[in-house]
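Step one of this worksheet: look at the structure below.
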Amino acid sequence: MAKLYRADIDGLRTIAVIPVVIFHLGTSLFSGGFVGVDVFFVISGFLITQTLLSETGTPGAALLDFYKRRIKRIFPALFVLYLAVMAAACVLLMSDQAAEVAQSIIASIFFVSNVLFYSQSDYFDGGLDSNPLLHTWSLSVEEQFYVFFPLLIFFTRSIGETRRRQIVWGLTIASFVASVWMVSRDASGAFYLIPFRTWELALGSLLAIGAIPAPRKQWQAEAGAVLGLAMIGYSALFFNKATLFPGAWALIPCVGTALVLLCGTGWTTIAGRVLSLWPMRFIGLISYSLYLWHWPIIVFYRHLDSRLDNVERAALLIASIAAATISWKFVEQPFRRPFKLSSGAVVARGTAAMAACAAAVLALASVNAYFYPISAEARGVLAYGERTGRTAMMRTGTCFLTTKHSFADYQADECLAASGDKPRVLIIGDSHAAHLYYGLKQALPGMQVLQATASGCKPLLHSRGAAQCLTLMHHAFDEYIAKVRPDVIIVSARWLDGDVSKVAETVKALQRLAPHVLVSGPIVEYDQPLPRLLAMQIDRGEPIEKHRAKEIANVDARLAAASKAAGVPYFSMYHAVCAPECQLWAAPGVPVQFDYGHLTQQGSVMVARRMVRDIEGLFAAPSDVAAIGRSVLSGAEAAGSDTLP
């Protein structure tokens, strides 16, 4: 089967890449812009399968020819990007960060960066947003797919088209079912790992091998193409970070892409003509380089100035398009010209280039570490940014479920055990509730501190999100609270602006089941882990203020006002840390927070001592006030002198 050039596919690439770039620029225009990657996957599966079908010769020779094409297409622009990113990291970042960038580049060179990022990602994955190579996970997924899929195509030549289609259908359905199953149990795994993304590439392959019949009439093609574009547009505009993705929701952009591709096969549609216009085609032609360059440009600029306004976003978009155009013209295009080298020679040289690039990156990282060492004081602060200690503090895996846990992991006998006559305080919410447990346990030894916390959703009546979180919230709301009736329920989460109207409704419902409910507001956040910012301040004198998320104060103010209007008790976490100035240290050398916003142990105790005053105010009976007062005093003694009052 000869692969014919289709201008509309270049336009479809534009539809894919622009939402991704705008989403990464942090605007609300394309809240689901991440679906552009899924559009790329379907396009890639379609085009690459067409290429595989056009290969002739023995399977071994065809495989070498295929990889020759991939090397010429992928390697030149990618390797230039690697070296440029590593050089920028050595200039702009601290040496340990440069080493992390080098690790990401090495993983990307050998197309396993998706596995690396998965291993580094749990709920506390905010740090990955500052990795300039994070976007290469999708390239790794593609190349892993193209390790085994060409073998399937080449070695099924003799079994007939019907049998081949059945095999690819089986592969597609199995991967899709696995994705739907996995996304509610381990969202990071479903997002990053090849078994759960294979179906998106295989969907494009089904089109290429004729497993899905094309429209037979012009009106069907016209309607299908418009519907497909509408499905992609809907996903990009209305999906957001709370969407359980990929899983079943990924069907919308993927099937939409498949419709556009299918309806453009054998038919010239109005949608196809629009996609074939020169401006649409041009962005599509540079889409690979645009995808490569936009994210490092954004990340490094945010390192210098995290507060992007619309003018800066527009400038970054223009800079990304300019860099992509240069890369396409002077790097991609020359290497696409015919080579006299054999396929085997190109593959050998490509392999050598991988090794040489990896060696150069490691050398740059070593030189940078030698000439720009990190001081002992800064290293001590950075240690608080490590993951050690968080599991015990938040009781991760038992009383706090991440996206890598299921509801079966929740230890209700330990987390919700309520016995005796001691007052019961239940903390319910996400990780921004879980980080309160340690401090309240220290500050309230005279009370039973209970915990129902999970990442992936919020403690709201009509929340949505990961299955393990929703199951836990339903268990707490529908069964446990009504049965046990805790004396105090503390509702806490990483509240956003859209949550304000829902919180009061939830609290009103809880107040019918428990005598006292307290809403804990959002805590101060940073665009980088606080220990990192403190280390940069120590070694480089860089200010921290510019890295503080200003929108949190607005959410806190709105939530406080809404709670007051509804007669709901409210504790401002923001003011507990930032009144009047934002505290950076919970004790000498100990940061208040270990990442963008979660409290360290000492930070948790510091905030809990201040929260206890509000808990005390909830109790109307003098005996209750006295009991809480005694708990505060004994808690202060138990906390010791190693934390700030």
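Counting begins at 1 with the first residue of the sequence. These numbers come from a predicted model, not from an experiment. Worth knowing before you read on, the calculation uses all heavy atoms, side chains too, and leaves out hydrogens, waters and symmetry mates.
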### Message
Looking at S188 and Y118, would you say the former's side chain and the latter's main chain have a donor-acceptor pair under 3.5 Å?
### Response
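Not confirmed, S188 side chain does not pair with Y118 backbone.
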### Query
Under the side-chain hydrogen bond (donor to acceptor under 3.5 Å, both in side chains) rule, what pairs show up with a residue in residues 236-251, not counting sequence neighbours?
none
Salt bridge flag under 4.0 Å for residues [X] and [Y]:
X: D487; Y: K422; value: no
X: R302; Y: D527; value: no
X: K502; Y: E505; value: no

### Message
Using the rule ring-ring contact (aromatic ring centres under 6.0 Å, His included), only one of F34, F30, F239 pairs with F23; which is it?
### Response
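Only match with F23 under ring-ring contact (aromatic ring centres under 6.0 Å, His included): F34.
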What about the rings of [X] and [Y], do their centers lie closer together than 6.0 Å?
X: H598; Y: Y596; result: yes
X: F594; Y: Y384; result: no
X: W137; Y: F191; result: yes

### Query
Among I490, V612, V607, which residue meets the side-chain contact (heavy atoms from CB on, under 4.5 Å) test with F571?
V607
### Test log, rule side chain to side chain donor-acceptor pair (under 3.5 Å), inputs D430 and S455
CA-CA 5 Å; D430 59 16; S455 65; over 6 Å; no
### Query
By salt bridge (charged side-chain N to carboxylate O under 4.0 Å, His left out), which residues pair with E545, not counting sequence neighbours?
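If we apply the salt bridge (charged side-chain N to carboxylate O under 4.0 Å, His left out) test to E545, skipping adjacent residues, the hits are R307, R548.
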